[in-house]
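Before any comments, here is the structure.
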Protein chains: 2
Amino acid sequence: MNVNPTIHDVARAAGVSIKTVSNVLNDNPKVGPETRLRIRRLVDEMGYRPNLSARGLRSGKTGVIGLAVPSLRETYFAELADSVIRAAAKKGLRVVIEQTNGDRDLEIATLSGGQMRFIDGLLFSPAAIGQQDVDVLTTNDPLVLLGERIFGGPTDHVTMHNTSSARAAVEHLLNIGRTKIALIGAPEQPADEASSANLRERGYRQALENSAIGIDPRLVVRGGTWHRETGVAAIRRLRESNVDFDAVFALNDTLALGALRALAQYGLRVPQDVAVMGFDNIDEGRFSLPSLTSVDPGRDEIAETAVALLVNRIQEKDEKAAPKTVKSGFRIVQRESTGFADGDGRTLLST
Amino acid sequence: MNVNPTIHDVARAAGVSIKTVSNVLNDNPKVGPETRLRIRRLVDEMGYRPNLSARGLRSGKTGVIGLAVPSLRETYFAELADSVIRAAAKKGLRVVIEQTNGDRDLEIATLSGGQMRFIDGLLFSPAAIGQQDVDVLTTNDPLVLLGERIFGGPTDHVTMHNTSSARAAVEHLLNIGRTKIALIGAPEQPADEASSANLRERGYRQALENSAIGIDPRLVVRGGTWHRETGVAAIRRLRESNVDFDAVFALNDTLALGALRALAQYGLRVPQDVAVMGFDNIDEGRFSLPSLTSVDPGRDEIAETAVALLVNRIQEKDEKAAPKTVKSGFRIVQRESTGFADGDGRTLLST
DNA sequence: CTCGCTATGTACAACGTTGTACCTTTTGGG
DNA sequence: CCCAAAAGGTACAACGTTGTACATAGCGAG
């Protein structure tokens with residue numbers, strides 16, 4: 001019994017037809033109780049495990065979905081992948097992870113790639129393609145878009161309240177009395193596309209324009225990837241430009257963590273001299289020095305919703321339903337970097 | 001052309017047999033140059049993409065490997081997954097990630113699970129099973145073990161120099177003049193199994209026993225998962241027990257980062273009052289406050305080696321080669337937490 | 001001009017599973 | 001006691017691909 005047994009081997013051993021074995025495996029009703037039991041036992045004994053390629057070929061479903069993200073090295077996506085794998089596991093699905101490295105060609109290749117004849121559907125988090133590429137999303141294969149960059153496309157879409165949560169974040173900084181609020185991680189070109197960066201910048205502008213304060217362009221640091229280095233560099237730029245600031249809104253947490261480090265190097269105390277607000281609420285922010293106030297976009301909710309939508313699309317028989325867009329709720333978790341110094345932080349606002 | 005074309009559709013359109021199309025797709029030589037070109041063009045035009053289930057069924061290979069890790073929420077494993085996906089992509093393989101949550105039953109299920117009839121092979125990083133479970137590794141399916149916990153098993157194994165690198169790490173702390181070196185993240189029961197924790201603790205003990213200093217059991221904090229919280233708690237335990245310490249060796253970086261935070265809360269300066277050494281060299285450690293000296297186990301090397309070994313096993317025809325064990329090199333990267341305050345840190349020692 | 005080779009291609013089976021259609025026995029109601 | 005229907009099962013094809021074995025044409029050497 002050293003080689004993998006097939007359904008034929010089990011059937012032969014049980015003295016029944018292969019279809020009966022198949023029926024047992026799939027819990028089809030047309031099998032007598034004692035036959036069922038006997039076959040179950042044999043399956044265990046022989047170590048039979050169905051061949052998913054064969055099953056996939058016959059039934060057109062593999063039980064595997066794809067998740068395309070820029071890179072698991074970016075903490076947000078690692079945590080998102082964790083949530084997606086858990087959500088998928090609950091539905092009996094496995095997840096193949098494809099890293100696109102934020103490369104446009106790779107993203108397009110992933111969307112139209114050979115891969116699609118193997119996975120039942122794809123969760124796709126774009127980082128490079130934009131509104132002008134909306135037609136590459138037109139496909140018969142189940143596809144759910146995650147995040148921003150493309151709106152009104154032909155697919156389901158799970159996104160977050162980028163603008164309003166960013167506005168709420170900046171309002172929190174205003175509420176604690178800050179008036180010179182720097183923005184870091186802002187897009188290279190303001191408002192050139194529906195990226196997370198642009199949508200969040202819009203929230204920043206709205207909050208400041210609604211207040212009496214208004215925008216000081218010197219406080220907006222543009223450019224760079226959303227990594228820790230960029231956060232460090234942004235603070236350096238602000239210092240070198242001699243502009244005064246008492247708060248920093250970083251468009252994601254890794255930027256904010258880089259900023260925390262740079263601020264400390266300049267001898268600026270957080271939150272006394274400068275308050276810092278991040279975005280994403282990654283685990284790391286609970287343990288930084290100081291711990292980081294952040295916008296929590298609800299990763300688990302995003303993942304569960306996205307997987308549920310994808311499963312619906314996969315099961316969809318003939319007529320396709322119109323594309324759905326779901327926005328997950330958000331909350332703001334206040335921690336030390338904006339002056340709340342107790343344990344795990346507190347939820348300030350939630351939708 | 002709204003439905004996915006098969007090789008039959010392409011063959012019909014080209015006026016050739018399906019086998020000729022197949023030959024083109026697989027770069028088999030027996031096709032004339034102009035036929036080849038014509039079929040290539042049709043494949044592109046029609047958007048033909050091979051069905052991997054069918055290919056997998058026929059050829060027994062799917063081009064997909066599995067990676068089983070405790071959780072992508074643990075930074076080390078997220079970065080390892082990144083490296084593995086990259087290494088696999090170079091060989092034309094995709095990666096399904098299975099999270100075992102450090103759960104023994106889940107780990108065993110993953111090893112013997114239905115999954116194995118679908119992936120070509122598995123990279124398995126155990127967190128719960130141990131030497132006593134060595135027989136669950138006995139399988140015909142290609143399997144490469146990553147990390148510790150089981151040695152001398154029936155499979156290939158990629159591991160690191162846990163003990164000697166930990167010894168080198170502690171020697172570094174001794175070299176900078178520290179004598180009261182705490183150990184955090186130590187195993188619950190000393191030396192009960194070949195876990196990373198035990199092997200690294202052994203290195204700690206060797207370094208101290210080789211010096212004139214010896215072990216002070218009050219400096220060894222046992223128990224807890226290797227997360228930031230545990231690092232925080234460990235420092236609290238040390239403070240509450242009133243034992244004096246001038247350095248901390250954390251058995252992984254997240255522990256160390258938790259420790260950094262707790263030390264700051266107690267007003268202890270790093271490295272002036274307490275030097276801190278981590279293990280894993282995750283990205284985050286380059287931007288913590290202060291940046292973290294750490295043992296770099298060479299994730300990329302580990303991933304490349306593991307994938308290469310797995311590919312060899314997958315291609316293995318009849319007789320199986322004896323199991324191989326490969327140990328990756330390590331280096332120690334010194335940063336601010338042990339007194340080196342310049343840019344990206346410096347490599348102290350490398351193998 | 002014919003043999004044998006190479007170059008190019010074809011037909012068919014097989015991989016392991018599930019869906020469809022059918023067949024046989026038992027069972028119970030009239 | 002007979003017949004219909006339910007219960008339990010079977011046989012065969014099909015999913016899309018690739019390996020094996022064979023077919024045909026063209027061409028150069030003898």
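Below, all heavy atoms of this structure are taken into account, side chains as well, without hydrogens, waters or symmetry copies.
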- Is the backbone N or O of A:Ala54 less than 3.5 Å from a side-chain atom of A:Asn51, with the two atoms forming a donor-acceptor pair by type? yes

- At under 4.0 Å between heavy atoms, which parts of nucleotides 17-28 of chain C does protein reach? Answer with one letter per nucleotide, 5' to 3': B base, S sugar-phosphate only, - none. BBB---------

- Presence of salt bridge, A:Glu304 and A:Arg86, under 4.0 angstrom: no

- Message: How many whole angstroms separate atom CZ of A:Phe118 from atom P of D:dG16?
- Response: 17 Å

- Note on the structure: CG (B:Leu309) and CD1 (B:Ile314) are apart, to the nearest 0.5 Å, by 11.0 Å

- Parallel, tilted or perpendicular for A:His157 and A:Phe151, by the 30°/60° rule? tilted

- Message: Between B:Leu57 and B:Gly32, which residue's closest nucleotide on DNA chain C lies nearer the 5′ terminus?
- Response: B:Gly32

- Query: Going by an N to O cut-off under 4.0 Å, is there a salt bridge joining A:Asp44 and A:Arg40?
  - Reply: no

- Whole-Å gap separating C1' (C:dG16) and CZ (A:Arg12): 13 Å

- Message: Salt bridge or not between A:Asp120 and A:Arg94? Use side-chain N to carboxylate O under 4.0 Å.
- Response: no

- Query: Heavy atoms under 4.0 Å, any strand shown: does B:Thr35 hit a base, just sugar-phosphate, or nothing?
  - Reply: sugar-phosphate

